[in-house]
Amino acid sequence: MIKVILKDETTVEVPRGSTPSDVLQEAGIPADEGMVIAEVNGEAVDLDRPLEGDCHLEFLDFNTARGREAYRHTASHVMAQAVKRLYPDAKLAIGPSIENGFYYDFSMEHVLTPEDLPAIAEEMARIVAEDLPLTREEISREEALSLFEESGEGYKVELLEDIEGDTVTVYQQGGFVDLCRGPHLLSTGRLEALRLLSLAGAYWRGDEKREMLQRIYGTAFDSSEELDEYLRMREEAEKRDHRRLGPELDLFSFHDEIGPGLVVYNPNGAILRTVIEDFLKMEHARRGYQLVMSPHIMRKEVWETSGHLQMQYPMYFFEIDGQGYGIKPMNCPAHIYIYKSRTRGHNELPLRLFELGTVYRHERSGVLHGLLRVRGFTQDDAHIFCTMEQAEKEIDDAIRFAFEVQRGFGFTEFLVALSTRPENYVGDIEEWERATELLRKALEGQSLEYVVDEGEGVFYGPKIDVKLKDALGRYWQGPTIQFDFNLPRRFEMTYAGADNREHTPVMIHRTVLGSLERYMGILIEQYSGAFPLWLAPVQVEILPIADRHVPFADDIRERMESSGIRVKVNRESERTGNKIRKAWQMKVPYMVIVGDKEVESGKISVRSLAGRDERDVEVDRFVADLSREIDSKHSLEV
RNA sequence: GCCGGUGUAGCUCAGUUUGGUAGAGCGGCUCACUCGUAAUGAGCAGGUCCGGGGUUCGAAUCCCCGCGCCGGCUCCA
């Protein structure tokens, strides 16, 4: 007999070689409580894996990350089996579970189209109905090699070559065999709700020099309700899509004639951006940043010095009077030249230069995506030049600043990542370690949880990335703070130290929003276009009931305008209901309705976007309320 | 850039399979109505059917080449 300690600390005794399923029974837990896999001493295993000795045992259902992973991974095996049944020549590549679903990559003669998906889904349903058991087998590498070589699974052979160790595991269900670490569900019949979502091309091993495979995306849940809920969520996301809302709300537009990835700001978008810019300028000024500006084009030599040219950074180049110029893809060189515009002493450091700098990058056509990925965008870019000793505080402040601003825009949940030295790097290891340590210290000093992305730093220094969680639970890239050892040397930057000798300053790149375009895209989706009052392009729309009420409406409008409220009057000869509907469609936060009663009393009726209705409101009181609401979203604790 | 899909009025889409000279709703404009909290009615205008070549007596429709957009890969603010 062996002792099995469960999660609730109870101990169950079972014969050696019993399986987690046996333990489930022994412990009186109904086997079909939706348990997916088990963890034995922290190792994820199948529910029918024999227990070899005393152990800690935990059961994982679909609501755990690892359980969900195994569940969806099983679904991907079922999909692969279905594809093999329908297209016997299909070669298997990889088929992992991913956030919200799974995929499998294939190589085959037949080119899949969306019309093929129903047949594959049907075949999958058949496999589920057949309730095929999934069995795990440990075999030697050699055995596996010959197995997959014989069946012509070249990709599996290649994977095997990279696996260390003498034995590997394969999983099999109904004659379908796959190289797989597992664990899996006990049988295909345990899959409840499956859905194929889309097709895509994907390079083998993500390498664009290698062959393009056909990928099928799908998802799986352990109840059809949850699947439906997920599909509803996708629909909701589609409704919030900034690419749909942007033109609808007259925020921005794209034009084939102007070019892909080049944003045009329509009036409402320009207002929104101006509000954001003014806010940023103020917040930077309050924190000792100095606003600077620099040209959009700079001579080619600048980009040689910075290294962009040699790195073949995706820039645009052209000639003027026989001189080569490049359109700036980054603002740093200009800020460095501002630094270098005179000699610097240690007393004037840290020097914090801030620019709303518009940059252009030649993004490959396939990656463009609304406002989130464009070819021309404006960064809220700052460079802090300081001594290594000052860096710690600067980083600390920059992180604090970034979070304060993000909270001001209504984001409260974040994912923080610290990226360390990549394989290709400049500078010496000691420097890297020191800088990485500073970043780590700052994060820990502020009790921020973070993950370490080993080797994900930029070649010139380690960095901190912050992702924002939006109202739909999606994450977006936000602030980034990057150390740079490279540019200060390349541009031969110096300052006179207290020792009256020349030193090289440290440079920190940082942005709070990243790109204004992308951030606006994120904001649109976060609020589905219904911005908080301080950001709303039109804050109040006045709706006269009949044409004769227009003069009174204009009167109110002027009073509000003089208080800085962004207000419009709807002068159309329309029914009030329709005017409300139109203002609502444009997501105007407040509607003011004026008719005979209002003209007579001088008071107004106020209707909020949410439908709240208040009568007999004094105009001054309303304006004061608005101002308070605007300020409340606006003010940040510093 | 690569793989797949897609492109008809400002927007959403029908017409493409089986080639025979383009349609709806919303939106816009005009007129009438002057109205109290999510669509008043009538009329009018609006289309190089993404672009260029080809096949054909004839192309939105078939073929070829581009371009844009969408879903991914890769990359990144």
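Labels below follow one simple rule: chain letters A, B, ... track the order of the sequence lines, proteins then strands, and each chain is numbered from 1. Values below: all heavy atoms of this structure, side chains included; hydrogens, waters and symmetry mates excluded.
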Would you tabulate the pairs of protein nitrogen or oxygen atoms and nucleotide nitrogen or oxygen atoms of nucleotides 25-30 of chain B closer than 3.5 angstrom?
none

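- Inspection of the Tyr265(A) and Glu517(A) side chains reveals an N or O donor paired with an N or O acceptor under 3.5 Å.
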Protein N or O to nucleotides 62-65 of chain B N or O, pairs below 3.5 Å:
none

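- By the 6.0 Å and 45° rule, Arg72(A) stacks over the aromatic ring of Phe221(A).
- Among the heavy atoms of the strands lying under 4.0 Å from Asp256(A) are primed sugar atoms or P, OP1, OP2 only; no base atom is included.
- Annotation: cation-pi pair Arg215(A)/Tyr103(A) present, NZ/CZ under 6.0 Å from the ring centroid and within 45° of its normal.
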Worksheet item: How does protein reach along nucleotides 72-77 of chain B, written 5' to 3' as B (base within reach of a heavy atom under 4.0 Å), S (only sugar-phosphate), or - (no contact)?
Response: BBBBBB
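- Residue contacts for Thr378(A): at a heavy-atom cut-off of 4.0 Å it reaches no nucleic acid atom on any strand shown.
- Phosphate proximity of C35(B) to Arg548(A): present, with a side-chain N or O under 4.0 Å from OP1 or OP2.
- Taking the ring axis of Tyr313(A) as reference, the NZ or CZ atom of Arg361(A) does not stay both within 45° of it and closer than 6.0 Å to the ring centre.
- Along RNA chain B, the nucleotide nearest to Asp547(A) and the one nearest to Asp241(A) differ in position, and the one closer to the 5' end is contacted by Asp547(A).
- Nucleic acid contact class of Glu238(A) (heavy atoms, under 4.0 Å, all strands): none.
- Between Arg373(A) and Glu363(A), at least one side-chain nitrogen of the basic residue sits less than 4.0 Å from a carboxylate oxygen of the acidic one, meeting the salt-bridge criterion.
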For nucleotides 12-14 of chain B, list the nitrogen or oxygen atoms of the protein found under 3.5 Å from its nitrogen or oxygen atoms, one pair per line.
none

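- Counting any heavy atom pair closer than 4.0 Å across all strands shown, Gly595(A) reaches a base atom.
- Spacing between atom NZ of Lys209(A) and atom C1' of G1(B) amounts to 12 Å, rounded to whole angstrom units.
- At least one test fails for Arg287(A) against the ring of Tyr289(A): distance under 6.0 Å to the centre or angle within 45° of the axis.
- For RNA chain B, the residues of residues 102-120 of chain A within the heavy-atom distance limit of 4.0 Å (strictly under) are Val111(A), sorted by number.
- Taking side-chain N and O atoms only, Ser573(A) has no distance below 4.0 Å to OP1 or OP2 of U34(B).
- Of the nucleotides present, C70(B) is the one that pairs with G4(B) by Watson-Crick or G-U wobble criteria, both distances under 3.5 Å.
- Contact annotation for Glu574(A): base contact, defined as any heavy-atom pair under 4.0 Å involving a base atom.
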Where do N or O atoms of nucleotides 41-45 of chain B meet protein N or O atoms at under 3.5 Å, pair by pair?
none

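- Using a 4.0 Å heavy-atom distance criterion, Lys579(A) is classed as making no nucleic acid contact.
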